[in-house]
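All remarks here apply to the structure that follows.
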Amino acid sequence: MNQLLKLNQAIQLDNGKTCVVKEFLGSGGQGEVYRAESEGQSMALKWYFPQQATAEQRAALQELLAVGAPNTNFLFPLHLASSTENAGFGYAMSIRQSNYKNISDLMKRRIEPSFRQLLIATIQLADSFQLLHAKGLCYRDISFGNFFIDPNTGDILICDNDNVTVNGSQNTGVVGTPRFMSPEIVRRENNPNSDSDLFSLAVLLFYMLMLHHPLEGKKEADMKCFDLPAMNKLYGFEPLFIFDPNDKSNRPVTGYQDNAIVYWAIYPKFIRDLFTQSFTAGLSDVHSRIRESEWRRQLLRLKDTIVDCGCGAENFYDEDELKTNGQLKPCWSCQKTLILPPRIRIKQSTGQELTVMLNNKAELYPYHLYPARKNDITPAVAQVVQHPTNPNIWGLKNLTTEAWTFTDNSVLKTVEQGKSVTLATGITINFGQAQAEIRI
């Protein structure tokens with residue numbers, strides 16, 4: 001392959017510094033990516049193919065540089081790059097570390113993060129796109145290729161941000177990736193915008209949680225040739241959710257599309273309802289698409305409901321299931337009856353109520369206890385701990401500098417920083433801005 005840049009070639013950056021090309025990393029549809037170094041620091045350098053190095057692309061990069069990254073999850077352009085030896089231009093950005101794996105590795109089961117790590121990733125995605133859209137931008141090309149996850153922590157990175165543009169722009173560049181494009185974009189009725197981003201985000205979240213596409217059921221299985229006209233029909237002109245409550249004609253096919261069947265049954269009703277709205281009313285009505293803030297709120301709620309089974313599988317506490325059937329579904333892995341851990345019912349000063357499963361080492365965060373800090377998911381403000389001398393006793397440890405008070409058998413007691421309150425039925429805790437009750 002004839003690479004655009006040479007190893008050890010010096011490239012000028014718009015901050016007056018230079019970087020030196022060290023390693024060819026790969027190429028894509030727009031250009032080539034290299035590892036470069038500047039003053040001892042590694043960075044990624046993308047250099048555009050001549051036909052992609054347009055004045056419009058340069059102007060778009062300059063606009064992104066002026067706006068800045070919404071948060072650190074985005075590997076946004078940092079500096080424009082140029083060379084006296086090469087035509088065209090490129091840009092420098094932070095380099096992706098090797099512990100981050102492509103989301104497609106999740107689909108192929110090359111990585112298997114826990115539900116906890118997976119939910120951290122989905123929450124970060126919702127957060128990141130809320131911030132991007134708040135800046136008046138849209139991503140345009142949400143798909144597997146642009147997202148990476150650390151399977152051990154759930155942290156994410158969002159790449160290929162040079163395609164980000166001002167929301168509502170008439171720029172006819174990248175319009176998306178098949179399977180992720182909203183129906184109106186497939187039909188070429190509009191240019192990508194924040195509304196189409198919301199649809200694509202819902203598709204990505206469905207893929208991550210269900211390991212399957214929300215529109216690929218019997219209709220896809222019956223297609224003899226999965227060519228462009230077939231894809232346009234499936235995703236644009238005749239889209240139908242595989243779990244549409246009013247039309248069962250596109251249900252997943254057993255033995256062929258089992259991931260969707262298995263995982264759909266694992267999640268609580270409140271999460272299934274979000275996906276149902278996204279891919280029924282949300283197929284045609286952009287105002288029915290789930291906002292990032294709602295995804296974030298409900299994904300945090302889902303993370304709080306995790307119940308660890310003795311077999312090692314993570315399950316979800318489904319209050320709707322309990323109310324409807326009088327019992328929870330058995331563990332999806334071993335089929336044994338779930339033994340619930342202690343749980344805490346938190347009522348915030350705003351009236352919002354949260355239920356959190358208090359598994360071993362479970363933690364409470366600022367968003368649980370302080371309504372004004374609803375966006376803060378770190379650091380932990382409380383943690384479930386085991387009694388140092390009696391392993392049968394568990395407590396909730398105060399990790400804040402503020403004292404809590406709790407009532408035990410009508411006696412008011414105080415929990416100072418570093419101390420714990422025993423997890424026992426009937427204990428009520430005053431966190432200051434939230435009240436809570438322990439249930440066993």
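For this chain, numbers begin at 1 and follow the sequence in order.
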Under 3.5 Å: donor-acceptor pair, side chain of N73, backbone of I156: yes
Looking at P77, is its backbone amide N or carbonyl O close enough to the side chain of N161 to form a donor-acceptor pair, meaning the two atoms are under 3.5 Å apart? no
Cation-pi between R96 and F148: NZ/CZ under 6.0 Å from ring centre and within 45° of the ring axis?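 Yes; both conditions hold, so R96 lies above the ring face of F148.
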Can you confirm if the NZ or CZ of R301 lies within 45° of the ring axis of F270 and under 6.0 Å from the centre of its six-membered ring?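 Yes, R301 and F270 form such a contact.
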[Y] side chain reached by [X] side chain, heavy atoms, under 4.5 Å:
X	Y	result
E32	L5	no
L65	L80	yes
E238	K219	yes

For the residue pair [X] and [Y], what are the closest heavy atoms and their distance?
X	Y	answer
Q348	H368	NE2-O, 2.9 Å
Y370	T400	OH-CG2, 3.8 Å
S278	W295	OG-CZ2, 3.6 Å

Under 3.5 Å, which donor-acceptor pairs link side chains of residues 115-122 to any protein atom two or more places apart or in another chain?
residue: R116; atom: NH1; partner: D308; partner atom: OD1; Å: 3.1
residue: R116; atom: NH1; partner: E314; partner atom: OE2; Å: 2.8
residue: R116; atom: NH2; partner: D308; partner atom: OD1; Å: 3.4
residue: R116; atom: NH2; partner: D308; partner atom: OD2; Å: 3.1
residue: Q117; atom: OE1; partner: S114; partner atom: OG; Å: 2.3
residue: T122; atom: OG1; partner: L119; partner atom: O; Å: 2.9

Parallel, tilted or perpendicular: which one describes the rings of Y139 and F129, with boundaries at 30° and 60°?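 Correct class here is perpendicular.
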For the residue pair F199 and F279, does the interplanar ring angle fall in the parallel (under 30°), tilted (30 to 60°) or perpendicular (over 60°) class?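 The rings of F199 and F279 stand perpendicular, inter-plane angle above 60°.
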Carboxylate-amine/guanidinium proximity below 4.0 Å for K269 and E321: no
Can you give the donor-acceptor pairs under 3.5 Å from side chains of residues 226-235 to other protein atoms, not counting sequence neighbours?
residue: D227; atom: OD1; partner: A230; partner atom: N; Å: 3.1
residue: Y235; atom: OH; partner: R179; partner atom: NE; Å: 3.4
residue: Y235; atom: OH; partner: E216; partner atom: OE2; Å: 2.4

